Amino acid sequence: MTEIPKAYDPGQVEPGRYKAWLDAGAFTARPIEGRESYCIVIPPPNVTGVLTIGHVLNITIQDILVRRARIQGKEAMWLPGTDHASIATHARVEAQLRTEGTSRRDLGREKFIDRTWEWSRDHGGKILGQLRRLGASCDWDRTVFTMDDDYNRSVLTAFVKLYQRGYIYRGKRMVNWCPVSLTALSDEEVIMKPQQGLLYKMRYELVDQPGQYLEISTTRPETLMGDTAVAVHPKDERYSRLIGGKIWRPFPKEQLPIIADDAVDREFGTGVLKVTPAHDKLDFEIGRRHDLPIVDILNPDGTLNALAGEDFDGMERFAAREFAVKKLEEMGLLVDQEPYENNVGYSQRADVPIEPRLSDQWWMRYPKVEEAKTVVRDGLVRFWPKRWEKTYQHWLENLQDWCISRQLWWGQRIPVWYKKNCDRTDPANWHVSVDGPDDPENWEQEEDVLDTWASSWLWPFATMGWPEPNENQKRDLDFFYPTSDLVTGPDIIFFWVARMIIAGLEFMGDEKETLTKEEMAERIPFHNVYFTGIIRDEQGRKISKSLGNSPEPLDLIDKFGADGLRFGIMNIAPKGQDIRFSEERITIGRNFCNKLWNACRFRQMSGPLADNSSLQAVVSRLDPQKFDEYDHWIIARLIQTVRDVDQAFSTYEFNQLTQILHGFFWGDFCNWYVEVSKTKLQSDTSRDNCLALQDLVIRQVLQMLYPIIPHITEELWSNLGYNPKGGFIHETPVDTPKTLVKALRDTGIVIDASAVEHIEQLMELVTQARSLKSNYNLASKRDVNFYITADPKNLTFIKSQSETIKRLTGAAAIIPRDDALPEAPAAVVALGTLYLDLASSIDVDAEKIRLSKELAKLEKAIATGESKLEDKKFISQAPEHVVKGARDLLAATRAKKEEIERIIDSLG
RNA sequence: GGACGGCUAGCUCAGUUGGUUAGAGCAUCCGGUUUACACCCGGAAGGUCGGCGGUUCGAGUCCGCCGCCGUCCACCA
C-alpha cells in the first residue's frame, strides 16, 4: 500500500500503468474453449494519418467496449491496423515529389512504390503510437497493414473468386474521372456541390432553313465541340416538325441530327438539349440509343485536345468555357446568359469538379445484395442508432455497379494478365489468377490497382488469415468471427460497412448463390454497428484543417490526462447526434478524475485499510446491526447505479454512462455519504461499518468506471488493496446487479425502503436549512440555531440525526418546539417546519415576499390538482394509482400552504 | 426534388410505454480555506419545451400542417 498524493497527476500514473499492461500481455487474446468471445476490428486509420479528435471519440468508444468485455470475463480481442489509402497516400507522395522537382512518371512504377513504402513506414507507426497514449488496449501483436503480403493475397483472391463467379467484368463506360488524381472514381467518391454558375442560351442554325435557329440552354458551352446531336422530347409540339432534320454546330462546323428522346425535359430551358455523348452521363445514354458518334475532346488532365479544334487544343477546361462563350458571342450565336445554381460533382479527394469520361475500367456487380438487406432488416446485424438502417437499405436498393479499378500505382495491382499483342477487350486473351501465368514473358499485367475499399471491405476476416489461415488463425476465425461490435462514422456506411457485410456473406463460406438464415448468421462480419456522431467545433462547423479548428489530441492528453479526455468526450457525446466539441467541456473529465482520486485519498486517511481482497471480503466487514438510515440509502443508490450502468452499456449510451456515474459518485456518495461519514467516523461503534461501506462503494464504482478511465481506476484499485495477489482490476469480474445483491443478502443486508425515504426527507430538510441560512447571509456562521416543529415520530428521527444535521447545515443546534417561532424565516418540509432563529430582527417584508412567492406556486399547484380531481372523467378514466397520487399530492400541498400562511401571519 | 435527424434554462444536453410542481452539467450571481478535493463546498437566479391545429380526463412526450438548422440521396442539360 502506498500513500496517495494530494492532487491527481495523470502524467505520473498513465504511462506506467499502460506499460504494466503491455508487459503483462494484458491485451493479448487467445481462443479459449468454453469462454465467451468478444471482438472488435479497428476501422484502420490511413497509414499516413495523425490522430484527430474524431479518432479520440472512436477509439475511446472501442476501448470502453473491449475493456468492459474484458472485465466481464470475456476473452476480448481488439485487432489494430492501418489502411494503405491508395489515393490519399498517392496524393501526398506525389506532392512531396513535386517539391523535389520530379514526378511519379519520371520515377517509374517500381521506384515510386519503393518511395511510398518508405513514406508509409516513416508515418505508419505514428498514429498507432498515439492510440497507445490514449490507452487503447489493442492486441498489438496482431497489427495488420492492408498492404501486407498476406493481406494482398486475400484481396487478390477475392478478386479472382468474384471474377470466376461472374461478378467482375471489364467495360468501356462512363466513369467519374478526376482530372487531378488522373484516375476513375466510384460514385461514392463523388460529392455533389451546389455551384454558382451561368446558364447560357445559344442558337444553332437549321441546315434546311438558313436564317432560322434553334435555341439551346447549357451550363457547359466548352463541350459543344463534342456535340453529335441536339435532342428534343418526342411529344414536344414546338419542335416535332424538326425531328429528323439537321442543324449546324458552329465550331468545328458540322451538321448534327435533330433527334427525339424521352430523356429530354420539355420544361427545362428551351426544351432543346445539346448531346455530348463523350462528356455527360445522360448524353451518353441518349447517344447509345441513337447510335451517335462519340467525340472525346478532353485529355485526362481536363485540358482540351485537337478534336475540339486547333484554337482549343491544350486549353484548360474552364478557360475553354470562356473562350467558347466569346466565340459564340462574336458569331452572334449567344442569346443570353443568366446566373444559375446547379449541382456539380466534385472529386472527394482532390476537391475539383470531376469529368464524366468514357474509359475502360474494371467493374463489380455486387453479390449477395438480397442477403445484405435481410441480415440488417432481420436484426442479425443491428445498427445503433437504428435509423441508419434506412440509409443502408436505400443504398442497397439503388445499387450501381462498382468501378474498382484506379489508374494509380499504390495498392493491389489487378491480377489480370493480357496476352501480348492481342486484343485486350477479348476475355479469351486474359489470364486471371493470384499468382499470374506460368509463362510471364508472354503476358502483360494490368496496370491499374484496386480501389482501396476493395481491399478494406475484407478487413474483418482478411486480418485473421482468410483465405489461407494457418492453424492459429483458423482457431481465431472460429472463435472470434463473426466479430461483436463495429464502431465507425455514418459517413462510411456505403464505402465500408455495407460492403463488409456483402463481403462476409459472399466469402465466409463455400460458394453459394443464395444463403439460408443460418448461413447468413455465420457469415456476417459483426453483430452490432455503433455509429458515432461527427465532431464539430463550438459553432457547429465541421472540424477541418483549413478552418484551423481541429483540437490537438496530444495536447489535450497533456492537459487533462488520457482518462480525463476519455471521460470528457464521452460525457459530451450524445447518442447518434453530432458532437459540439469545446475544450472547456472536457474539464469535467479531469475534474472527475481528481474527485475520484481525492475521495479515495480521504478514505485512506480515515482509517487503516482492512481486507478488501474480494466482494465477499468487503461485504463480510459490514455489520447489518449497525446499519443506520444513511447506510441503507447509499446501498440502495449503489444497487440502482449498478443497474443503470448495466443498462447504459447494453444500449451503447455512453454519455448516459458518465452522467450516471458522475451523479452517483459525486452527488450521492461524496456530497452526502462521505460528509455524513465524518460524524460516524468519530464514533468507535460506527467507524468500521462505515469504512467498510465506503470501501464497497468505491470498489464497485472503480469496476464500473474502469472501461472509461482505465489508468486511474487501475491505480486506485491497487492502492486500496482490491487486487488479490497483485492482479489487474480487469482480472476480477465486474459484479452484476445480481451478484451484488446476492452478496449483500448473504450477509443479512436487506434494504429498508422506509430508511431510504427518511434520508431523502432529511436531505430536503438539510437543503432547506442551508437555503434559509444563505438567504440571510449566514451561510458561514456556525452559531445559528434552528427550531423545528414536527410530529413525534419525525421528531424522534430528527433527534437521532441531530449531529449530522448540525454538521451538514453548519448549525449550532436544532431545537424541537411545539409551536411556531414568531417572526422567524421558515421552511415547510416533509418532516416538519423549520425555523431559522435570528438573534437580530429580520427584514419582515423581504421574508413575506419570499414566502408569498412560494405561496403563489403552491396555489397554482392546488388549483391544477383541484380541477383535475373535480373532473369526473379524470376520476373514472385515469388509472387508480394516478388518481391516488393526485389526491395525496393535493393534500400535502394544501397542508404546506396552510403552514406557510400561518408563518406569514406570525410575521405580523 | 426525396429521405432522415435536430429545435427543452445564457450554452451543451437528459427527459423510458402520455400521468405529481420539466431535470443535469457548464456559464452567471451570492456566500465560503468546515477532518479529502478551489480540478473544491454551500446557496440563488434562470424555461409560455420552434409555431399552429388535433387526439385525450391529461401532451415536452402521440397525430397533422408549417418554420428554421443540419446530413444523406437524386443524370434536369
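Proteins come first, then strands; the chains are lettered A, B, ... in the order of their sequence lines, and each starts at number 1. Just the heavy atoms: all of them, side chains too, but no hydrogens, waters or symmetry mates, feed the values below. This is a predicted model, so every value here is computed, not measured.
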Below 3.5 Å between N/O atoms, which protein atoms pair up with nucleotides 1-5 of chain B? Just atom names and distances, please.
unit_1, atom_1, unit_2, atom_2, d
B/C4, OP1, A/Lys390, NZ, 3.1
B/G5, O2', A/Gln577, OE1, 3.2

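- The gap from the C1' atom of B/U56 to that of B/C63 amounts to 12 Å, rounded to the nearest Å.
- With RNA chain B read from its 5' end, the first of the two nearest nucleotides for A/Asp283 and A/Cys670 is the one closest to A/Cys670.
- As judged by a 4.0 angstrom heavy-atom cut-off over every strand, A/Tyr340 is placed among residues touching the sugar-phosphate backbone only.
- Between the base of B/U71 and the side chain of A/Arg536 there is no donor-acceptor pair shorter than 3.5 Å.
- With sequence neighbours excluded, the residues that form a side chain to side chain contact (heavy atoms under 4.5 Å, CB included) with A/Gln400 are A/Asp187.
- For the residue pair A/Asp261 and A/His290, a side-chain donor N or O sits within less than 3.5 Å of a side-chain acceptor on the partner.
- In a base pair of the Watson-Crick type (N1 to N3 plus N6-O4 or O6-N4) or a G-U wobble (N1-O2 and O6-N3), with each distance short of 3.5 Å, B/U56 is matched with no nucleotide.
- Using a 3.5 Å distance cut-off with no hydrogens or angles, the side chains of A/Ser217 and A/Lys274 do not pair a donor with an acceptor.
- Ring geometry for A/Trp597 against A/Tyr8 counts as tilted: the plane angle lies between 30° and 60°, on a 0 to 90° scale.
- Distances shorter than 4.0 Å separate none of the side-chain N or O atoms of A/Arg585 from OP1 or OP2 on B/C26.
- Put simply, A/Asn671 has a side-chain N or O that comes within less than 4.0 Å of OP1 or OP2 on B/G42.
- Aromatic ring orientation, A/Tyr652 versus A/Phe654: perpendicular (interplanar angle above 60°, classes split at 30° and 60°).
- In this structure, A/Arg782 reaches the bases: a heavy-atom distance under 4.0 Å links it to at least one base atom across the strands shown.
- Within 4.0 Å of A/Thr767, counting heavy atoms only, lie sugar-phosphate atoms of the nucleic acid but no base atom.
- An OP1 or OP2 oxygen of B/C41 is reached within less than 4.0 angstrom by a side-chain nitrogen or oxygen of A/Trp666.
- Among the heavy atoms of the strands, none lies under 4.0 Å from A/Thr587.
- Phosphate contact (OP1/OP2 of B/C40, side-chain N/O of A/Asn598, threshold under 4.0 Å): absent.
- Applying the 3.5 Å distance criterion, the base of B/A36 shares a donor-acceptor pair with the side chain of A/Lys678.
- Using C1' as the reference atom, B/C75 and B/G60 are 44 Å apart when rounded to the nearest Å.
- Base engagement by A/Val264 is indicated by at least one non-hydrogen atom pair under 4.0 Å involving a base atom.
- A/Ile572 comes within 4.0 angstrom of nothing in the nucleic acid, heavy atoms only.
- When only modelled atom types and interatomic distance are considered, A/Arg807 and A/Thr679 share a side-chain donor-acceptor pair under 3.5 Å.
- Contacts of A/Asn343 with the nucleic acid, taken as non-hydrogen atoms under 4.0 Å apart, include base atoms.
- Between A/Lys773 and B/C30 there is no side-chain polar atom (N or O) within less than 4.0 angstrom of OP1 or OP2.
- Of the N and O atoms on the side chains of A/Ser771 and A/Gln768, not one donor lies less than 3.5 Å from an acceptor on the other residue.
- Pairing for B/U16 is absent, judged as Watson-Crick or G-U wobble with the two contacts each under 3.5 Å.
- Each of A/Asn775 and A/Gln877 was matched to the nucleotide of RNA chain B holding its nearest heavy atom; the match closer to the 5' end belongs to A/Asn775.
- A donor-acceptor contact under 3.5 angstrom links the side chains of A/Glu188 and A/Trp395, judged on distance only.
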